[in-house]
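Sequence lines set the chain letters: A, B, ... in the order given, protein chains first and strands last, and positions in each chain run from 1.
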Amino acid sequence: MEALRKYREMVERGINPDTVSYTVLIDGFSKEGSVGKVVGFLKKMLKDGVMPNVITYTAIMLGFCKEGKFEKAFRLFKEVQDMGIEVDEFMYATLIDGACRKGDFDCVFHLLDEMEKKGIKPSVVTYNIVINGLCKVGRTSEADNVFKEVAGDIITYSTLLYGYTEEGNIKGIIKTKEKLEKSGLCMDVVACNILIKAFFMVGAFEDARALYQAMPEMDLNADSITYCTMIDGYCKVGRIEEALEVFDEYRVSLVSSVACYNCIISGLCKQGMVDMAIQVIIELGEKGFILDMGISMMLIRAAFAQMGAVGVMNFVYKLENFGSDTYNSLCDDAIRFLCKRGFVETATEVYFVMRRKGLILMKSSYNLVLEKLIYGGTTSLVGPFLNFFLKDYGLVEPIVGKILAQYLCLNNTDIALRFLKKMKEQVSTVSLPPSILKNIVKEGRLLDAYKLILEASESFADMDVVDYSFLVHALCKEGYPNQALNLCSFAKNNGITPNIVTYNSVINGLCCQGCLVEALRLFDSLERIGLVPSTVTYATLIDNLCKQGLLLEAKNLFNGMMYKGCKPNIRVYNSFIDNYCKFGQMDEALKLLSDLENKSVKPEEFTVSALIYGYCMKGDMEGALTFYSEFKMKNVSPDFLGFIHMVRGLCAKGRMEEARSILREMLQTKSVVELINNIDTKIESESIESFLVFLCDQGSIQEALVVLNEIASILFPSQKWFTVHQESQALNNGLKSETLSAVSTVSAGSNKISDSDGAAECYDIGKEESQFRSFDFYYSLLSSLCSKGELHKANKIMNDMLSSLQGDM
DNA sequence: ACATTATAAC
């Protein structure tokens, strides 16, 4: 910069710069890494009629090499020779260094040969360059060997020593150190620094310390690198006291370097000495150094490891008096860190500290905070934060519109649509992540998701076939096959072709709606749109045909699939077996079972259950039990329904003890959680009842209640886990240790959907006494009814209770 | 008068 000013002064005064002035400038820019400016000056030079010399070109080549553009440097080298300029050792050395940094050693040795042919004898500098190049790629021994005839200088030894240290080659270090001592060369600071590092590498801490202390006698002053090497060397082996001692020596020295601070801070963090690390950071700030962001991040991590989110908060508070730029990015980092670790609330506290100081959060950090708040954070903070974001960045900033639209979509489709429309007209189209649809569906607002896509399709340009298929699947599952089909053609119009997976969902959806004919028609049309039916396609249709009793059609389809080379899986066989069993054709079912076993298709839970059901239907409990034990030995147990069938069958015959032991076996193979997960899909209410009776008989009323609570959460999904939590809190208050297991099961459930904030909120709501009392009332009534086995009455009371609690919410 | 080589921390 200074050089540039002098140059301008020269031009202003009408003094024409000569080759040397230009060369000095070019060299400066080359070293600074701005080759663009260098080329500009070269052109200007030529225009002014000032001829560049070999030194000018060397400087330019250096610039190219520094930028990693070795090819350009090499081309220039050729051009220079073509111009008839005699190249010298400097130029070769520069080029060889470039080739080394590129790792092109063929070129390096070729250039050395060329030099020799031209009669240019390489000096120790050139050799050092090559040695350094080899050391940097881990070929230190080779470098040592190849150039052992060359009389090295202090740089040669330093380079080799450093190479061996990096490679961890202890023998190499010792050998080189001895050679260096024998050479009688005078040590300089760099050599000392490298030797100290080597001493630490081999574990010779005393030697490292001795050399460090002997430096003044050698007329050498420790520099920042000396201090860093010493501090880091001690820190790496956990000798923090000695590191601190050196750091104190650095403090009273004339050396000033932020790197020394960074070294000791990182060492303190690794030792978990967070408080002292913060002290050092404060001192660093007072000295006017810039806080390295990597270092502040390290402290955030260390503070978190020691004290959790509070530790991070504490760190932020303690650095309040730092320069605002540094403090701003520190807060940004802390906020992002806390969000990522799941502590949005603490992150918002940090944000308020920032705000008080008039600092502004980065866009992406705002976005992160809002995402965490919207998807599972404190709801009441979402509004204020959307406001702050909007005020700081405005709606013109796409990311603001995006998060705002996401929030609206999750809350009110119509407002969201109006917003999206306005944005499109007045600002720009807001693009939304397809994943938001999953969240809307999760809230049970399937048709809202559907509406959003149709009416704001520009905002969903990123949707792929999987995203569409997800929604098609959900629509089918909830009984909207027509909307699903409509979505398929909508997707196609938007350039996303639905695949066989998508259509499988539609086919299944149509079947579930009882539209078997339409499903078959869709199946027939698949070929026309170039889709090949998969095993799932066939399995779906065959299963539904079987369920409708259309066995002949099912068999035709089965033959069709075999003909097309599509292998039937266990699900296909299950459909037939289930059908035979339901109609008492056990022989047919058993024949098919042995068939599929011959084809090495493995029976699964459902297969076994279907057959057990068949036996039970016929009242053949011996058959059922024998079949059960036979498959138990093969490690295939029935599903819940299979167990329940056996229990019922045995109960009907008055074989209570056997029923009990089967139930016990069921509880051994299946966990309560697994049962709960199956309630809404596979188990009908009667079976739940049998299960509850069993639990009550065993005296596990709490467990029975947990199951009931789970049912409540399925019946009233909008309440999510709130009710359940309130109840378990109440249980906890009323029954203490007896119910703790129940509470933990429920807690596990609410953790599963990560609704910890919901749980906390519940707790607050639950503090209002009236609710507890009302629950206690229900609870005592229920438990006495359950213990008497009056399940029907208990069920009725339970329903009353659930609806009354629902009213309270 | 101008050009080439070695060392520290996250």
Side-chain angles (χ1 to χ4, degrees), chain A residues 3 17-28 30-31 52-63 65-66 73 87-98 100-101 122-136 140 143 147 152-166 176 180 187-198 200 222-233 235-236 243 246-247 250 255 257-270 277 284 289 291-302:
Chain A
D18 62 356
T19 306
V20 175
S21 335
Y22 271 116
T23 304
V24 172
L25 269 171
I26 285 175
D27 182 54
S30 271
K31 288 204 172 95
N53 62 17
V54 66
I55 300 173
T56 322
Y57 285 117
T58 305
I60 298 172
M61 275 166 51
L62 180 76
C65 290
K66 270 236 156 75
V87 295
D88 61 4
E89 196 208 338
F90 277 107
M91 196 172 250
Y92 269 110
T94 307
L95 201 61
I96 287 172
D97 190 50
C100 282
R101 283 173 209 278
S123 72
V124 69
V125 175
T126 306
Y127 284 124
N128 284 343
I129 288 170
V130 181
I131 290 169
N132 182 47
L134 287 168
C135 288
K136 285 276 145 62
T140 307
F147 298 98
D153 61 4
I154 190 70
I155 294 182
T156 319
Y157 287 105
S158 300
T159 309
L160 286 169
L161 211 44
Y162 183 72
Y164 282 132
T165 306
E166 285 289 280
T176 313
L180 171 61
M187 292 288 281
D188 61 7
V189 180
V190 177
C192 283
N193 292 343
I194 292 173
L195 197 52
I196 289 172
K197 195 183 167 90
F200 273 111
D223 64 5
S224 65
I225 299 177
T226 318
Y227 290 115
C228 279
T229 311
M230 288 294 295
I231 293 171
D232 192 55
C235 286
K236 279 212 172 91
V246 177
F247 182 64
Y250 153 77
V255 178
S257 157
V258 70
C260 294
Y261 279 94
N262 293 345
C263 272
I264 193 73
I265 292 166
S266 97
L268 289 167
C269 283
K270 277 182 198 138
L284 174 155
F289 286 125
L291 177 57
D292 185 289
M293 280 306 124
I295 293 289
S296 71
M297 207 51 224
M298 201 163 67
L299 246 152
I300 289 173
R301 277 193 212 103

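- Side-chain contact annotation: A:T94 with A:D97, donor-acceptor N/O pair under 3.5 Å absent.
- Nucleic acid contact for A:I155: base, since at least one base atom lies under 4.0 Å from a heavy atom of the residue.
- Nearest heavy atom pair, residue A:Y57 against residue A:M91, reads CB-CE, 3.5 Å.
- In this structure, A:C228 reaches the bases: a heavy-atom distance under 4.0 Å links it to at least one base atom across the strands shown.
- Note on A:Y162: only backbone sugar-phosphate atoms sit closer than 4.0 angstrom, heavy atoms only; bases stay farther off.
- Defined by atom type and a distance below 3.5 Å, a donor-acceptor pair is present between the side-chain atoms of A:T226 and A:N193.
- If you check every strand for non-hydrogen atoms under 4.0 Å, A:K66 touches nothing.
- As judged by a 4.0 angstrom heavy-atom cut-off over every strand, A:A59 is placed among residues making no nucleic acid contact.
- Not counting sequence neighbours, A:K270 has no partner by the salt bridge (Lys or Arg N to Asp or Glu O under 4.0 Å) test.
- Running 5' to 3' along DNA chain B, contacts with non-hydrogen atoms of chain A at under 4.0 Å begin and end at B:dA1 to B:dC10.
- Here A:T226 lies out of heavy-atom contact (under 4.0 Å) with every strand.
- Evaluation of the side chain to side chain donor-acceptor pair (under 3.5 Å) rule for A:T156 yields A:N128, A:D153 as partners, not counting sequence neighbours.
- Residues A:A277 and A:C269 approach most closely at CB-SG, 4.2 Å, considering heavy atoms.
- The closest side-chain donor-acceptor pair between A:D27 and A:S30, if any, does not fall under 3.5 angstrom.
- Heavy atoms of A:D292 sit under 4.0 angstrom from at least one base atom.
- The residue A:T58 sits close to a base: some heavy atom pair falls under 4.0 Å.
- Within 4.0 Å (heavy atoms only), A:N53 reaches at least one base atom of the nucleic acid.
- Among the atoms of the strands shown, none is found under 4.0 Å from any heavy atom of A:R301.
- Residue-level contact check: A:D88 touches the bases, meaning some heavy atom is under 4.0 Å from a base atom.
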